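It should be emphasised that the depicted structure is a prediction, and the values quoted were computed from it without experimental measurement. Hydrogens, waters and symmetry mates play no part in the numbers below; they use all other heavy atoms, side chains included.
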Amino acid sequence: MTEAGTWRVVLTRVPATADAHAVVDAICGSAKGGLPRVMGLPLSWEAAVALLEQLRAIGAEVALVPSASTCGFHPADIASGQCGVCHSTICAECRASALGQRVCPNCLRTANRVRRNRRLRQLFVGFLFAVFLFEVATFLRREAAALTPPVSVVIVQLAPQRLLAHPVLREMNQPDEGAGRSLYDISMFFQQEFTRYTGSTAPILNISLRGPFPEIVKPPVVLERASTWFRMALTAWQYPRYFHGLARRHRVEPDDFGARMYVVWTDSAADVVGDSRGSQKGRVGVTWLSVGEANLGYSVVSVAHELAHILGAVDSYDEGSYLAHWPEGYVDPFAIPLWPQAWAELMAVDRPTGPLAELEVTSMFDTRIGYDTAARIGWIAGEQAEFYYQPRLQMPEQILHEIEEARRRVGVAQSLGAAAEAPAIPPEPVPLDVVP
């Protein structure tokens, strides 16, 4: 009978005689080494039986096993199992090399290579993340340094060619001896307010005026908040980049300055100031002004307002009514009477004159910087501003109601002939001297 497949001869014992060893060496190679030992290459059934009988004739103990019962990687060793990955036969030596795992040498090398490549990728990603953190830290330090006093500010003016000789542009770009109707007054205003809060006369802003340059300005459309975050982020990047490109076209390098202001002049009859915006994150602000605006002081304040945004200030007016918030939007929020206020708060823009009434400022010096704004732009500590506004005594409507009620009681008492016994109007407390 003939058996299919290939077979291996396994030597389990060799006689101790020299003749027996010589025969084994001659037939199968050296008989030295551990036993049992697989002899030679896979053989057919007939060849394997012939070798088996030849070895038995000299007293050796041998056996026949199918080739599948030997290790596929160490032919001289009996298989002790299969690889858990590729199912190749493996021996005890294979398992020892794999630290006890049922894995053949090929699959072990593949696993080690995959593991090594994964570690290299992890190290590379970690390296990139470290570089990213370093760049972010460098960027934040650079941004903080850019807004450390004295802050270098450039005001780049852009206007259509037809408006370059307009008298409003000429008036706004020449000193006016502190009348508050020129762009030159912005530096003087911030210095005055900084000294008022800190007592320091050290320079706070170094402002450079550039232009007006001839340009037809058509920036990217600013998307509404309802847009996707990606589109909003893209617009937030494109918008200042567009204006920086216009500046470079006229040989002004925006990166040379800590704060970059762009003033866009138009002759539109619409209220273009509402399109203005400023951001501390990008250290950039854009103010839209019309040569048709007769109140030049209001135009100057609009530029200063956006510049304050770059320095860290926030709006102090209601987005719906545009009325100043109380108390942050009031320069003297505890004055008695509360209205009219003597000044407008810069981030509220207009001067409150009643519960629902305000007046436009006509000069840069009709405005002041309130405690909240001074804290946000880093001139005073936040605790100092909070202390100033605490306790929040009464809202303006409550103050008016109590004054009117006291007056009504006095009037009633006088009409009854008992003025002497009528309650008097509460004495008006002396307002805090917060503005010299």
Salt bridge (Lys or Arg N to Asp or Glu O under 4.0 Å) pairs, two or more places apart, involving [range]:
| range | result |
| --- | --- |
| residues 160-169 | Arg162-Asp267 |
| residues 180-191 | Glu171-Arg181 |
| residues 200-221 | Glu215-Arg249 |

Test of understanding: with salt bridge (charged side-chain N to carboxylate O under 4.0 Å, His left out), list the residues that count as partners of [X], not counting sequence neighbours.
| X | answer |
| --- | --- |
| Glu386 | none |
| Glu93 | none |
| Asp372 | Arg376 |
| Arg95 | none |

I need the Leu289 CG to Leu183 CG distance, nearest 0.5 Å. 8.0 Å
Taking Ile204 as the fixed residue, which of Pro150, Ser187, Pro149 is the one that meets the side-chain contact (heavy atoms from CB on, under 4.5 Å) rule? Pro149
Does Glu177 CD have over 12 foreign heavy atoms under 6.0 Å away?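 It does not: Glu177 CD has 12 such atoms or fewer within range.
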Test side chain to side chain contact (heavy atoms under 4.5 Å, CB included) on Trp343 and Asp332; report intermediate values, then the result. CA-CA 8 Å; Trp343 294 278; Asp332 191 359; over 6 Å; no
Residue pairs involving residues 354-366 (criterion side-chain hydrogen bond (donor to acceptor under 3.5 Å, both in side chains); sequence neighbours excluded): Asn295-Glu360, Thr362-Asp366
How would you list all residue pairs meeting side-chain hydrogen bond (donor to acceptor under 3.5 Å, both in side chains) that involve residues 99-117, not counting sequence neighbours?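 As it turns out, the side-chain hydrogen bond (donor to acceptor under 3.5 Å, both in side chains) pairs with a partner in residues 99-117, which skip direct neighbours, are Asn106-Arg109, Asn112-Arg115.
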List the steps and the verdict of side chain to side chain contact (heavy atoms under 4.5 Å, CB included) for Gln157 and Asn173. CA-CA 10 Å; Gln157 299 177 75; Asn173 283 277; 2.3 Å; yes
Results of side chain to side chain donor-acceptor pair (under 3.5 Å) for Ser321 - residues two or more places apart only: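 Once residues adjacent in sequence are excluded, the partners of Ser321 under the side chain to side chain donor-acceptor pair (under 3.5 Å) criterion are Asp318.
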Go through the structure and list residues passing side chain to side chain donor-acceptor pair (under 3.5 Å) with Gln191, not counting sequence neighbours. none
Asp255/Arg283 under salt bridge (charged side-chain N to carboxylate O under 4.0 Å, His left out): CA gap, chis, key distance, verdict: CA-CA 10 Å; Asp255 292 339; Arg283 297 184 287 113; 5.5 Å; no
Is any side-chain heavy atom of Arg368 closer than 4.5 Å to one of Arg351? no
Show every ring pair (Phe, Tyr, Trp, His ring centres under 6.0 Å) that has at least one partner inside residues 306-325, sequence neighbours left out. His305-His309, Tyr317-Tyr322
Would you sort out whether Tyr262 and Val217 count as a side chain to side chain contact (heavy atoms under 4.5 Å, CB included), showing the intermediate values? CA-CA 11 Å; Tyr262 297 98; Val217 179; over 6 Å; no
